[in-house]
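I have placed the structure first, in the form of structure tokens, so that the comments after it can refer back to it.
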Amino acid sequence: MRSHLLNDTTTEHYRRSVTEGVERVAAKLATTDRPFTGVTVDDLAPRIDAIDLDQPLGDTTAVLDELEDVYLRDAVYFHHPRYLAHLNCPVVIPAVLGEAVLSAVNSSLDTWDQSAGGTLIERKLIGWTAARIGLGPAADGVFTSGGTQSNLQALLLAREETKADQLTKLRVFASEVSHFSVQKSAKLLGLGPDAVVVVPVDHDKRMQTVALARELERCTEAGLIPMAVVATAGTTDFGSIDPLPEIADLCEQYGAWMHVDAAYGCGLLASRKYRHRIDGIERADSVTVDYHKSFFQPVSSSAVLVRDAATLRHATYHAEYLNPRRMVTERIPNQVDKSLQTTRRFDALKLWMTLRVMGADGIGELFDEVCDLAAEGWKLLAADPRFDVVVEPSLSTLVFRYIPAAVTDPAEIDQANLYARKALFASGDAVVAGTKVSGRHYLKFTLLNPETTTADITAVLDLIAGHAEQYLGESLDRAC
Ligand SMILES: *Cc1c(COP(=O)(O)O)cnc(C)c1O
């Protein structure tokens, strides 16, 4: 069994195994003609159930053959131009190379003595990101597992900075289309059930700052404490960007921590063309960025940035076995002092490899392409009488629904759109997402693949219309 340990004596086995795996994936990518096979849970579950984990196959080739059957054949492939559903990006090759390196070396970024150069590389990327945001000379941050964790950490710091005696007095303001991790964080942070004040959005799904001002005033008058405002720079559903400068002014006025959730919109930090759309982000106290959404990085790759490095002390605990206090005076850089995690992947390496091979402009240009594609898609949808489209895109998301001329019952239209999404998924021809707008079912394209064309968009819209018409035709038959 020792032959499976990666070390000086097994490098040939390592090279062969990994190469064999890479070959399989490459062959798969070269031949997938659809984003999904349409496999069902009932098809797949018995295949996985039948495998006896106590009976190993021993041999890499046999295991890869088995993996083909239980995973690779039927996986959902984000690199395919007709995968248009969630905030998943195709990944860039330098980052995949980084992933292979970081797993093999297996550094853990919690302490210097488990990471060395990795620690400094991560720090440099945090500095780079903070500079792109414009957070100023005292900025810092740390890589996290994702936007959810970044938002949690940011709100933890905000909570600690209020120095409130009663958690139930704290209020967090976020728009009605902010990410649900704001609510989850409030719960985890022990805030009361009414802690999150939901602020309405305007026609373009941006936070109404007049309403925010009113809520902040109401909160203060009631003797409550405005702990934080979460501005979203790229909402999950619409890609809408809250008015950051106005929100920054209000945060200043009411003494609230300004957190910008740029999990999605962070891609604009690398864009020369559209960077201005997130102007005002530099006034934040903390920012969430998900490189695994708009920097074309493999999951996980995310960070939380703060304007004032000192605020990260709220996440600092010392342990004799890991990061004793004396190491601070010895100036040993232990990233665990800034993180909610302990053992932590060297995810930063993926971004490092990407920037060193492609440069920031390379990433920004890819993101610009999908933003431009969304603008084109919006024009197509707006001109197509079969569809109702909401919100002209600020990033790369399109939300729309099929509206047949002959049907007026909105519930029936809801059903037709739900059916179309399911039928499309079952066919595997394309994958799209869905959401609700004003209580009605809508469909969503999240465009993150520069390989997707307007022809793909047109073709998928035709498929959706076809499925919806089929549903309505059948329901007409049922009614007769
Ligand atoms: C995706 C998303 C998150 C959560 O990020 P994860 O990486 O999925 O944990 C938070 N906020 C917004 C706006 C998002 O789109």
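As the structure lists them, so they are numbered: ligands from 1, and atoms in each ligand from 1.
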Original post:
Lys273 and salt bridge (charged side-chain N to carboxylate O under 4.0 Å, His left out): which partner among Asp361, Asp372, Asp368?
Top reply: Asp372
**OP:** Examine ligand 1 and decide if any of its atoms is less than 4.0 Å from a heavy atom belonging to Asn151.
**Re:** yes
**OP:** Starting from atom 9 (O) of ligand 1, locate the nearest protein heavy atom and write down its residue, its atom name and how far away it is, to 0.1 Å.
**Re:** Thr148 OG1, 2.6 Å
Original post:
How are the rings of Tyr83 and Phe78 set relative to one another: parallel (under 30°), tilted (30 to 60°) or perpendicular (over 60°)?
Top reply: tilted
Original post:
Can you check whether Tyr264 has an N/O within less than 3.5 Å of an N/O in ligand 1?
Top reply: no
Subject >> Pair Asn449-His79, side-chain donor/acceptor within less than 3.5 Å >> reply: no
Subject >> Atom indices of ligand 1, in the order listed, that fall short of 4.0 Å to a heavy atom of Ala263 >> reply: 2 (C), 3 (C), 10 (C), 11 (N), 12 (C), 14 (C)
Original post:
Which heavy atom in Ile278 sits nearest to a heavy atom in Gly265, and how many Å separate them?
Top reply: CD1-O, 4.1 Å
Original post:
Looking only at distance, does Gly147 have an N or O less than 3.5 Å from an N or O of ligand 1?
Top reply: yes
Original post:
Would you say Gly234 touches ligand 1, if touching means a heavy atom closer than 4.0 Å?
Top reply: yes
**OP:** Select one of side chain, backbone, both or neither to describe which atoms of Asp261 lie under 4.0 Å from any atom of ligand 1, heavy atoms only.
**Re:** side chain
Original post:
Taking atom 5 (O) of ligand 1 as the point of reference, which of Asp237, Thr397, Asp290, Val182 owns the nearest heavy atom?
Top reply: Asp290
Original post:
Less than 6.0 Å separating the ring centroids of Tyr291 and Phe143?
Top reply: yes
**OP:** Compute the shortest N/O to N/O distance between His292 and ligand 1 and return yes if it is under 3.5 Å, no if not.
**Re:** yes
Subject >> Ring centres under 6.0 angstrom apart (Tyr442, Phe400) >> reply: no
Original post:
When you measure from atom 4 (C) of ligand 1 to every protein heavy atom, which one gives the shortest distance, and what is it?
Top reply: His179 CE1, 3.4 Å
Original post:
Any chance the side chains of Thr144 and Gln341 put a donor and an acceptor closer than 3.5 Å?
Top reply: no
Original post:
Does the side chain of Tyr264 come under 3.5 Å of the side chain of Thr446 through a donor N or O and an acceptor N or O?
Top reply: no
Original post:
Relative to ligand 1, is Leu87 under 4.0 angstrom through side chain, backbone, both or neither, heavy atoms considered?
Top reply: side chain
**OP:** Would you kindly specify which portion of Thr288 sits under 4.0 Å from ligand 1, judged on non-hydrogen atoms: side chain, backbone, both or neither?
**Re:** neither
**OP:** Would you name the heavy atoms of Asp279 and Pro245 that are closest together and state the gap between them?
**Re:** O-CD, 3.7 Å
Original post:
Which protein heavy atom lies closest to atom 14 (C) of ligand 1, and at what distance to 0.1 Å?
Top reply: Lys293 NZ, 2.9 Å
Subject >> Close N or O approach (Ser145, ligand 1; < 3.5 Å) >> reply: no
